[in-house]
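Everything below concerns the one structure shown next.
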Amino acid sequence: IHLVGLDIPKRVYIVACGTSYHAGLVSKRLLEQIAHIPTEVHIASEFLYDQPLIGDKPLFIFISQSGETADSRGVLDKIKKQGYPTLAVTNVQGSTLYREADFKLLTHAGPEIAVASTKAYTAQIAVMALLAIHLANVQGLQSPVDMFRELRTISTAMEALIEKKALARQIAHEYLTGKHSCFFIGRLQDYAVCLEGALKLKEISYIQAEGYAGGELKHGPIALIEEGTPVFVLITDSRIAKNIRSNAEEVRSRGANTCIIAVEGLDHQGDAWVLPRVHPLLTPLVSVIPFQLIAYYA
Ligand code: M6R
């Protein structure tokens with residue numbers, strides 16, 4: 001950890017691409033709810049040409065497995081020239097982002113084995129959770145979560161989920177055989193995880209997959225639901241469990257084949273996969289795993 005001298009920022013700008021951007025979306029909630037720091041998440045290739053107005057005392061956080069992604073490096077260059085502080089969250093010590101950022105955190109996910117990012121994503125979220133706790137502690141804020149205990153519990157839950165290979169294989173077979181397009185729907189954090197689920201599936205199976213916020217479906221994309229369209233529905237937050245179930249009902253009534261993945265306590269009979277309940281802020285660490293495995297088996 002190289003955070004010595006890091007001042008508490010008034011606003012955080014997360015910049016990343018692809019899966020790392022999706023980890024950024026989850027991290028925004030961690031930084032805002034644990035460290036109380038307003039956070040924006042930007043796609044690096046967009047930020048390069050369309051920089052937003054930068055507030056007082058910003059911190060730029062670059063999340064990147066490789067530490068070499070050209071778009072993120074481009075933004076780092078640009079931001080450094082403007083004199084703002086930068087932090088790299090990367091898996092590769094000695095990478096360009098690692099070397100050039102003012103502050104650095106290593107994700108320690110181990111070497112990348114395949115281009116589809118899986119463990120890098122969860123490690124990025126875990127490290128951002130630790131950063132959020134650090135920034136809360138420095139401000140004397142009480143954390144809403146006993147982070148170290150929770151992360152230990154979650155790692156056990158993740159190991160157990162990774163063993164559910166037969167279930168993932170059966171779901172992939174049942175819902176995706178012969179299919180050319182599908183949806184992943186969720187709300188709040190589940191929406192962020194759905195974006196990642198859809199990216200993973202399309203990247204490695206070549207099946208068109210769209211991640212959508214459940215409430216947005218009716219504003220256009222529902223037109224694409226036809227008899228047998230697979231729709232993966234993620235439900236981990238009690239505040240929106242009812243709403244997302246009714247979104248699932250809407251698509252089912254148009255013929256969709258819904259595969260519901262719900263956290264225990266919010267599950268109903270007939271759901272395809274019941275996830276262990278962990279702290280709501282950290283649920284993406286477990287809820288992404290079924291999607292990763294289903295993509296693999298698809
Ligand atoms: O190395 P990076 O995290 O900066 O890479 C960014 C994206 O290219 C990467 O996350 C990509 O989306 C994943 N490999 C997809 O699985």
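Counting starts at 1 for both ligands and their atoms, following the listed order.
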Distance from [X] atom [atom1] to [Y] atom [atom2], nearest 0.5 Å?
{"X": "Lys10", "Y": "Asp56", "atom1": "NZ", "atom2": "CG", "value": "4.5 Å"}
{"X": "Ser45", "Y": "Asp50", "atom1": "OG", "atom2": "CG", "value": "11.0 Å"}
{"X": "Arg277", "Y": "Asp267", "atom1": "CZ", "atom2": "CG", "value": "9.0 Å"}

Original post:
Taking everything shown except His180 itself, do over 12 heavy atoms lie less than 6.0 Å from its NE2?
Top reply: no
Do any N/O atoms on [X] end up under 3.5 angstrom from N/O atoms on ligand 1?
{"X": "Val115", "result": "yes"}
{"X": "Gln65", "result": "yes"}
{"X": "Ser64", "result": "yes"}
{"X": "Glu112", "result": "no"}

Original post:
Is ligand 1 less than 4.0 angstrom away from at least one heavy atom of Glu68?
Top reply: no
Original post:
Do any heavy atoms of Ser72 fall under 4.0 Å from ligand 1?
Top reply: no
Original post:
With backbone taken as N, CA, C and O and side chain as the heavy atoms from C-beta onward, which portion of Glu203 lies under 4.0 Å from ligand 1: side chain, backbone, both, or neither?
Top reply: side chain
Subject >> Heavy-atom closest pair, residues Lys57 and Ile8 >> reply: NZ-O, 3.3 Å
Subject >> Heavy-atom closest pair, residues Trp273 and Leu161 >> reply: NE1-CD2, 3.5 Å
Subject >> Distance from atom 2 (P) of ligand 1 to nearest protein heavy atom, with residue and atom >> reply: Thr69 OG1, 3.2 Å
Subject >> Nearest-neighbour protein heavy atom for atom 9 (C) of ligand 1, which is reported as residue plus atom name and distance >> reply: Thr19 N, 4.0 Å
Counting from 1, what ligand 1 atoms have a heavy atom of [X] closer than 4.0 Å?
{"X": "Lys200", "value": "15 (C), 16 (O)"}
{"X": "Ser117", "value": "13 (C), 14 (N), 16 (O)"}
{"X": "Ala116", "value": "16 (O)"}

Output yes when [X] and [Y] qualify as a salt bridge under the 4.0 Å nitrogen-oxygen rule, no when they do not.
{"X": "Lys200", "Y": "Glu196", "value": "yes"}
{"X": "Glu68", "Y": "Arg73", "value": "yes"}
{"X": "Arg245", "Y": "Glu249", "value": "no"}

**OP:** Pick whichever of Ser20, Cys17, Ala16, Ser66 has a heavy atom sitting closest to atom 7 (C) of ligand 1.
**Re:** Cys17
